[in-house]
2 protein chains.
Amino acid sequence: MADQALRPLDEREMGAWRALIRGHNRVMRRLEAELEAEQGLSLPAYEVLVHLSEAPDERLRMSELAMNVVLSPSGLTRLVDKLAREGLVCRHRCEADARVVYAVLTPEGRARLDAAYPTHLRGVREHFFDHLSGEQCEFIAQALGAVDNASNAACAAAVAAECDAVDGELAGDFAADAS
Amino acid sequence: MADQALRPLDEREMGAWRALIRGHNRVMRRLEAELEAEQGLSLPAYEVLVHLSEAPDERLRMSELAMNVVLSPSGLTRLVDKLAREGLVCRHRCEADARVVYAVLTPEGRARLDAAYPTHLRGVREHFFDHLSGEQCEFIAQALGAVDNASNAACAAAVAAECDAVDGELAGDFAADAS
DNA sequence: TGGCTTTACTTGCATCTGCAACAAACTCTA
DNA sequence: TAGAGTTTGTTGCAGATGCAAGTAAAGCCA
């Protein structure tokens, strides 16, 4: 099994892997540059606005937002700080649970997003979808969707495993103490 | 044509786009964390070593290396600085053209890469290829390969266009002066 | 050859980002 | 209901990275 897991990538796999890395990096870099130049928004900032705009009441908990944009909690805190300074979002404490903070899209944020949307859409079409057939599109959605889901599941499993490990340590300590 | 270019993403396209962003981000984040924890190497550092190891004489010009790992020139300079401090690569000036710098893999760098390879390979299989069929693999290679190539071509075209624009400006200035 | 343009890299500076430590608030239990 | 343990966000700090400016070396042309 270990042998299987460590089988080197064959040519097709290597091609897919390198294409993913390079294709993704180049497209994102171009999109980011265009969005920054034309709209003064970074890509993560744009994504925050998009996710908020699609959420009920145009608001999301910080932790949900961090999951959506794939940013660390601290990274998201600072990004929301910045967007709040620019007036594009604001923070609301949750009344039921004072630990929770909601990021809320402001009218200015909505307007800024609406203004940036055409730039982003054009870039995504031009740099990405114009080079893909519908079939390829379908495959990418399925394949990378599966990867994403598995990664989420693995993440949850890793957290659980960590808890078990800690429990194990504690149990071990207890046993040592008891002996 | 503009209408066509600004047609909103349909459901399938949206699915592909989000899957690409999230799938890529999550996988890379996990790979980076594992490589860092087990081997003390960042992902870009690992990629630099890989590309050098595959190059003739295990060396590449800084600019070629930057293209390969999709990093800005300054970013690559600093990354090579760091790797050189650790003794994994060294710099050689080109004798024929003193502007050019080659990054060369050292024996230590080769050894470090060999040590890190199993960790990376296992991660790539576990987090990515284990969730893909051979057919999906093939499609990803083709589709994102096309995107990557187009992006390269567009980049070259953009540089050319920029030159033209500058030429145009100069011509305009000249005309203005002459009038 | 002298000077102007271009190329290849390197730095200054500002920003972004993540990890670890921290603070605050909630939950569960005795 | 006091206290231990969790969860949720926020900072301190260090490292990474890009843009613009700077430096050095070629190339080109009169």
Side-chain angles (χ1 to χ4, degrees), chain A residues 25-26 28-37 40-48 59-67 69-86 89 91-103 156 159-160 162-163 166-167 169-170, chain B residues 25-26 28-37 40-48 60-67 69-86 89 91-103 156 159-160 162-163 166-167 170:
Chain A
N25 284 356
R26 282 193 213 284
M28 293 307 161
R29 186 171 291 242
R30 292 182 72 80
L31 287 179
E32 167 102 44
E34 291 173 358
L35 202 59
E36 189 74 55
L41 280 176
S42 70
L43 213 40
Y46 179 81
E47 298 211 326
V48 163
R59 65 184 208 164
L60 282 173
R61 296 168 53 145
M62 296 294 283
S63 52
E64 292 177 286
L65 204 42
M67 292 284 286
V69 300
V70 190
L71 213 59
S72 69
S74 62
L76 183 71
T77 288
R78 270 134 181 164
L79 180 49
V80 168
D81 283 348
K82 181 172 134 82
L83 293 175
R85 277 196 303 276
E86 297 176 30
V89 306
R91 282 183 164 91
H92 274 314
R93 297 212 85 91
C94 174
E95 295 186 3
D97 184 340
R99 293 170 303 181
V100 172
V101 173
Y102 288 98
V159 170
E162 193 181 333
C163 289
V166 171
D167 289 350
E169 273 177 38
L170 292 177
Chain B
N25 284 356
R26 282 194 213 284
M28 293 306 163
R29 185 172 290 242
R30 292 183 71 80
L31 288 179
E32 168 102 43
E34 291 172 359
L35 202 59
E36 189 73 56
L41 279 177
S42 70
L43 213 40
Y46 180 82
E47 298 211 327
V48 163
L60 282 172
R61 296 168 54 146
M62 296 295 281
S63 51
E64 291 177 287
L65 205 41
M67 292 284 287
V69 299
V70 190
L71 213 58
S72 68
S74 62
L76 183 72
T77 288
R78 269 133 182 165
L79 180 50
V80 168
D81 283 348
K82 181 171 134 81
L83 293 175
R85 280 197 301 275
E86 297 175 30
V89 305
R91 281 181 164 90
H92 274 314
R93 296 212 87 91
C94 173
E95 296 185 2
D97 184 340
R99 293 170 302 180
V100 171
V101 173
Y102 286 98
V159 170
E162 192 180 336
C163 290
V166 170
D167 290 351
L170 292 177

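In what follows, every chain begins at residue 1, and chains take the letters A, B, ... in the order their sequences are listed.
Map Ala96(A) and Tyr102(B) each onto its nearest nucleotide of DNA chain C; the residue landing nearer the 5' end is Tyr102(B). With DNA chain C read from its 5' end, the first of the two nearest nucleotides for Pro73(A) and Val100(B) is the one closest to Val100(B).
Phosphate proximity of dC16(C) to Ser42(A): absent, as no side-chain N or O sits under 4.0 Å from OP1 or OP2. Residue Arg91(A) has a polar side-chain atom (N or O) positioned under 4.0 Å from OP1 or OP2 of dT10(D). Ser63(A) has a side-chain polar atom (N or O) that falls below the 4.0 Å cut-off from OP1 or OP2 of dG9(D). The side chain of Lys82(B) places no N or O atom within less than 4.0 Å of a non-bridging phosphate oxygen (OP1 or OP2) of dG15(D). Look at Arg93(B) and you won't find any side-chain N or O under 4.0 angstrom from OP1 or OP2 of dA24(D).
When distances run from any side-chain atom of Met62(A) to the nucleotides dA25(C), dT10(D), dT10(C), the shortest one goes to dT10(D). For Asp97(A), counting side-chain heavy atoms from C-beta on, the closest listed nucleotide (dG18(C), dA25(C), dA8(C)) is dA25(C).
For dC19(D), its base sits under 3.5 Å from the side chain of Ser74(B) at one donor and acceptor pair at least.
Across all non-hydrogen atoms, the minimal contact from Val48(B) to Leu76(B) is CG2-CD1, 4.1 Å.
Arg78(A) comes within 4.0 angstrom of a base, heavy atoms only. If you check every strand for non-hydrogen atoms under 4.0 Å, Thr77(A) touches a base.
Counting non-hydrogen atoms of other residues, nucleotides and ligands closer than 6.0 Å to CE of Met28(A) gives a total above 12.
Nucleotide dA25(C) holds its P atom 15 Å from the CD atom of Glu95(A), rounded to whole Å. Between the CG atom of Leu83(B) and the P atom of dT17(D) there is a distance of 11 Å, given to the nearest Å.
Atoms CZ and CE, on Arg99(A) and Met62(A) in that order, are 15.0 Å from each other to the nearest 0.5 Å.
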